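Heads up, the thing below is written out as structure tokens.
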Amino acid sequence: EKDGFDYFMLKEIVEQPRAIADTLLGRLSVEGDLTLDEMRLSPAELRSVEKIVIIACGTSYHAGLIAKYAIEHWCRIPCEVEVASEFRYRDPILDRQTLVIAISQSGESMDTLMAVRYAREQRAKVLAICNVNGSTIPRESDGVLYTHAGPEVGVAATKTFITQLIACYLIGLYLAQVRGLKFGDEIDAVIAQLATMPEQVEKVLNTIEPVRELARSLSGADTVLFLGRHVGYPVAMEGALKLKELAYMHAEAFAAGELKHGPIALIEEGLPVVVVVPSPQGRSVLHDKIVSNIQEVRARGARTIVIAEEGDESVRPYSDVIIEIPAVPTLLQPIVATVPMQVFACELALAKGNDVDQPRNLAKSVTVE
Ligand code: F6R
């Protein structure tokens, strides 16, 4: 059932274009309308939402962090994101106008389940994003949007993360639609681009060989740092988590703007630093700021591994290695930028002789609090 792959993880990484297509299927029409009636939350209920709180753990939490950028930008609804294990211990402010979005691949994470129960006791509405049909979290929620990634056997989340992002974008765009927000050019462009994501990820997978070589060359490193800004920051966090869990290496992500507030002291000769660069189009201010950050760490001896949009020449002088990704709207960039991170961590772990499908100390679903 590994379809000729040595590991489930490799198979699941390669399956991502199909998983995205399946998650979009029947939900996105060619005219750009979204059909998500299956969610079981009525348009009237969704119109009454005044605040969104996203709860999740691990990789699913990173999907939630990215969702916040998209939902607040498209819908102008305030959106908080919190790790599920912290949520109910801080007396969060919830009411009938709060929509809690619980993201859980397995639908069985105890931390997330307890947060869902707590939110419903406080009369918030709960919408689950889940990959496993009929699992506990969707059963206990008011509504659910399933990701159609198919079963994920590798312990590290890959295709389920990418499809969680798709589900989050769909929910954000649908909320904007039912709330009658004017679908301007930007949103139309995003919807059109969302439909092309399977091909964009396919492109990334077809040009991934240099990432493999790079990973193998770094198997002796002690630490890898990851930098990003805007949606690239949670992508950096996901890259660092993948490296920890698979390669058992110390890895840490920073918002690039925070570097100067402390972390830059960590930079020393030869330290690998992976940087996610926003598109030079659109939000170009952030792009230029991160290019300065690359310069700063390189000047202090870092080995810079730069994930940048194809044709972005501005990063070339400061990059030891450039990993090119297709040009897509900023908010969708996490889909294409995460894939090289997954391959990087997987390959580095394999180079160290680790079992990428069953990393030590980890379980696929964490059913204890
Ligand atoms: C990371 C990973 C974990 C899970 C986390 C939440 O690769 O797999 O961090 O993302 O345990 O699991 P779910 O999404 O099933 O609630």
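Just so it is clear, the structure is predicted and the values come from calculations on it, not from any experiment. Read the numbers this way: they start at 1 and go in the same order the structure lists the ligands and their atoms. The analysis underlying the following values was restricted to heavy atoms, covering all of them including side chains, and did not include hydrogens, waters or symmetry mates. In what follows, residues are counted from 1 in the order of the sequence shown.
- Side chains of Ser279 and Glu309: a donor on one and an acceptor on the other come within 3.5 Å.
- Looking only at protein heavy atoms, the nearest one to atom 5 (C) of ligand 1 is Cys57 O, 3.6 Å.
- The Lys242 neighbourhood of ligand 1 comprises atoms 1 (C), 7 (O), with distances under 4.0 Å to a heavy atom of that residue.
- No side-chain donor from either of His287 and Gln281 sits under 3.5 Å from a side-chain acceptor of the other.
- Taking only non-hydrogen atoms, the option from Gly58, Ala84, Ser365 nearest to atom 9 (O) of ligand 1 is Gly58.
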* To do: Apply the test side chain to side chain contact (heavy atoms under 4.5 Å, CB included) to residues Val49 and Thr98: give CA-CA distance (whole Å), side-chain angles for both, the deciding distance (0.1 Å), then the verdict.
  => CA-CA 6 Å; Val49 170; Thr98 310; over 6 Å; no
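- Annotation: salt bridge (Lys or Arg N to Asp or Glu O under 4.0 Å) contacts of Arg303 (sequence neighbours excluded): none.
- Near Ser104, with a cut-off below 4.0 Å to any heavy atom, the atoms of ligand 1 are 13 (P), 14 (O), 15 (O), 16 (O).
- Within the listing of ligand 1, atoms 6 (C), 12 (O), 13 (P), 15 (O), 16 (O) sit less than 4.0 angstrom from a heavy atom of Ser109.
- The proximity of Glu245 to ligand 1, defined as any non-hydrogen pair under 4.0 Å, is limited to the side chain.
- Residue Lys364 does not touch ligand 1, judged by heavy-atom distances below 4.0 Å.
- For the 3.5 Å distance criterion, the side chains of Asn293 and Glu296 qualify, holding a donor opposite an acceptor.
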* From CA spacing to verdict: ring-ring contact (aromatic ring centres under 6.0 Å, His included), His230, Tyr69 -> CA-CA 8 Å; His230 193 263; Tyr69 288 89; 4.7 Å; yes
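- Shortest contact from atom 11 (O) of ligand 1 to any protein heavy atom: Val366 CG2, 4.2 Å.
- Among all protein heavy atoms, the one lying closest to atom 15 (O) of ligand 1 is Ser106 OG, 2.7 Å.
- Remark: the Gln342 side chain and the Glu12 side chain contain no N/O donor-acceptor pair separated by less than 3.5 Å.
- Of the N or O atoms in Thr112, none lie within a sub-3.5 Å distance of an N or O in ligand 1.
- For the residue pair Thr23 / His148, no side-chain donor-acceptor distance below 3.5 Å is found, with atom types taken as modelled.
- Protein heavy atom in closest approach to atom 4 (C) of ligand 1: Thr59 N, 4.1 Å.
- Only backbone heavy atoms of Val155 (N, CA, C or O) come within less than 4.0 Å of ligand 1; its side chain stays farther off.
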